[in-house]
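Below is one structure, written out as structure tokens, with a few remarks after it.
Lettering follows sequence order; numbering is per chain, from 1. All figures in this text were calculated on a predicted structure; none of them were measured in a lab. The figures here come from the full heavy-atom set of this structure, side chains too, leaving out hydrogens, waters and symmetry mates.
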Number of protein chains: 2
Amino acid sequence: MNDDIREMLERHGVTPSFHRMKIYEYLLTHRTHPSAEEIHMDIVREIPTLSKTTVYNTMKVFLAKGLVTAVTIEEDEVRYDAYTSFHAHFKCLACGKVYDIDKATSSPHAESLAGRTIQGHRVTEVHLYLRGICRICAKGGLKKSNLKRI
Amino acid sequence: MNDDIREMLERHGVTPSFHRMKIYEYLLTHRTHPSAEEIHMDIVREIPTLSKTTVYNTMKVFLAKGLVTAVTIEEDEVRYDAYTSFHAHFKCLACGKVYDIDKATSSPHAESLAGRTIQGHRVTEVHLYLRGICRICAKGGLKKSNLKRI
DNA sequence: ATTACTGCAAATACTTTGCATACCG
DNA sequence: CGGTATGCAAAGTATTTGCAGTAAT
């Protein structure tokens, strides 16, 4: 497992430091589109020396090397996703949670926009963001406060 | 013209104050997805007393009443769009400019996601964001510095 | 030794909030 | 008069930057 992560980073031209491996592993095992804050808050419990600066530095490197994508469905913070193949994101306006939406269900055509030229503009990235009320909140469940990190 | 704007605000339940009318007029005539900063910077030249707080307050009211939509294609600031029917947005990674992409060209199906229930989630908003190199930058034109407000 | 990863603290940028004042019906 | 729009200044939050220390090749 550890070797898989090391190899993944190396394959993308990222020096596999201890911290970077931990952060990447965290992203692989927490597919909740965490923010830099959340990534740091969780990992620092295990590695108390980890600084938020390193998280920001690392995310910048991962982004540049294509190891993660930035999800800007929020208006005030960037979230990160290590699952880089195309899929849509849904944000619940009640509880704030961000869900993955598989592309077949949502918009099978959106993905094909990447690589095309549209109205003269060369498209390299496609992001499909949906908002609304999630399945749990629709049933009367979950309040925003429930989402706060434990 | 002024009366059209007044009526538009009233129809959406927004008290048509002088500032609000100016801001809404600005949004109608500047379809460049301006940020709060840009809106303020431009209008303050004509109305020196306008504060940035009022711009933020006004945008919050406009959003709540559905007069504008928020474009969160940027990672660090919210842009506003008075053209509220569905269309995609394209951001040039070279010059930073945000373009409108009409829905027929981009993704005729995306719009129909609104109102539907997808994977159990009730969808109320759909945003399609594209990024890449715009037609002007592709031709070797425009640098980022050219975009800075005059 | 040289390069580059890390982390603290300060700085920056966008936005919100508290509160006093001014405007309008 | 009473509600609300406005604006200043301060606070808050996410992120970046400068720079010194540290690890690794």
Side-chain angles (χ1 to χ4, degrees), chain A residues 5-6 9-10 12-24 26 33-65 67-68 70-80 96 98 144 147-149, chain B residues 5-6 9-10 12-24 26 33-65 67-68 70-80 96 98 144 147-149:
Chain A
I5 289 172
R6 176 185 303 275
L9 297 195
E10 281 170 344
H12 283 80
V14 175
T15 312
S17 75
F18 177 64
H19 288 164
R20 286 172 176 177
M21 285 173 62
K22 269 294 171 200
I23 291 173
Y24 190 62
Y26 178 85
H33 321 90
S35 62
E37 174 72 36
E38 287 169 348
I39 295 168
H40 177 257
M41 200 186 336
D42 280 358
I43 303 183
V44 82
R45 287 196 287 226
E46 194 185 336
I47 307 169
T49 61
L50 179 71
S51 74
K52 219 181 279 186
T53 301
T54 294
V55 175
Y56 279 113
N57 287 339
T58 300
M59 296 324 297
K60 194 176 284 188
V61 172
F62 284 3
L63 279 174
K65 301 296 188 176
L67 272 161
V68 301
V71 178
T72 60
I73 197 170
E74 312 267 353
E75 309 187 349
D76 59 345
E77 65 183 1
V78 178
R79 295 175 162 278
Y80 300 96
V98 176
K144 197 159 201 167
L147 262 208
K148 294 287 176 200
R149 290 261 143 184
Chain B
I5 289 172
R6 176 185 302 276
L9 297 195
E10 281 170 345
H12 283 80
V14 175
T15 311
S17 76
F18 177 65
H19 287 163
R20 286 172 177 176
M21 285 174 61
K22 270 294 172 200
I23 292 173
Y24 190 61
Y26 178 86
H33 321 91
S35 62
E37 176 71 34
E38 287 168 348
I39 295 168
H40 177 256
M41 200 188 332
D42 280 358
I43 303 185
V44 83
R45 286 195 287 224
E46 194 185 336
I47 307 170
T49 61
L50 179 71
S51 75
K52 219 181 279 184
T53 302
T54 294
V55 175
Y56 278 113
N57 286 340
T58 299
M59 296 324 297
K60 194 177 283 187
V61 173
F62 284 2
L63 279 174
K65 301 296 189 174
L67 272 161
V68 302
V71 179
T72 61
I73 197 171
E74 313 268 353
E75 309 188 346
D76 59 345
E77 65 182 1
V78 179
R79 294 174 163 277
Y80 301 95
V98 176
K144 197 160 200 166
L147 259 209
K148 293 288 176 199
R149 289 261 144 184

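Each of B:F18 and A:D76 was matched to the nucleotide of DNA chain D holding its nearest heavy atom; the match closer to the 5' end belongs to B:F18. Comparing B:T58 and A:E77, the nucleotide of DNA chain D nearest to each residue sits closer to the 5' end for B:T58.
At whole-Å resolution of the value, CD in A:E75 and C1' in C:dA13 are 16 Å apart. If you take CG of B:L9 and P of D:dT4, they are 17 Å apart, rounded to a whole angstrom. At whole-Å resolution of the value, CZ in A:F62 and P in C:dC5 are 11 Å apart. Spacing between atom CE of B:M59 and atom C1' of D:dT6 amounts to 16 Å, rounded to whole angstrom units. In this structure, A:M21 places its CE atom 15 Å from P of C:dC5, rounding to the nearest Å. Atom-to-atom, CD of B:E37 to P of C:dT12 comes out at 15 Å; the value is rounded to the nearest Å. When the C1' atom of C:dC14 is taken as reference, atom CD of B:E38 falls 13 Å away, rounded to whole Å. Rounded to whole angstrom, the span from the CD1 atom of B:I47 across to the P atom of D:dT6 amounts to 10 Å.
Between the side chain of A:T72 and the main chain of B:T72, a donor-acceptor pair closer than 3.5 Å is present. With hydrogens and angles disregarded, no donor-acceptor distance shorter than 3.5 Å links the side chain of B:H12 to the backbone of B:L67. A donor-acceptor contact shorter than 3.5 Å is absent between the side chain of B:E46 and the backbone of B:I43. Proximity of a side-chain donor or acceptor of B:R20 to a complementary backbone N or O of B:T15 within less than 3.5 Å is detected.
Here the CD1-OG1 distance, from B:I39 to B:T58, works out to 9.0 Å after rounding to the nearest 0.5 Å. One distance of note links NZ of B:K22 with CD1 of B:I5; it measures 8.0 Å at 0.5 Å rounding.
For A:V78, the side-chain atoms get nearest to D:dT15 when compared with the rest of C:dT15, D:dT15, D:dA5. For A:N57, whose side chain is taken as the heavy atoms from C-beta onward, the closest listed nucleotide among D:dT6, C:dT15, C:dT6 is C:dT6. Proximity note for B:S17 (side chain, C-beta onward) versus C:dC14, D:dT15, D:dT6: the nearest is D:dT6. Checking C:dG7, C:dC5, D:dT6 against every side-chain atom of A:R20, the shortest atom distance belongs to C:dC5. The A:T15 side chain lies nearest to C:dC5 when the options are D:dT6, D:dT17, C:dC5.
Taking side-chain N and O atoms only, B:H19 has no distance below 4.0 Å to OP1 or OP2 of C:dC23.
Within residues 48-56 of chain B, the residues approached by DNA chain D to less than 4.0 Å at the level of any non-hydrogen atom are B:T49, B:L50, B:S51, B:T53, B:T54, in residue-number order.
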Problem - Steps toward side-chain contact (heavy atoms from CB on, under 4.5 Å) verdict (B:Y24, B:V14) - result: CA-CA 11 Å; B:Y24 190 61; B:V14 175; over 6 Å; no
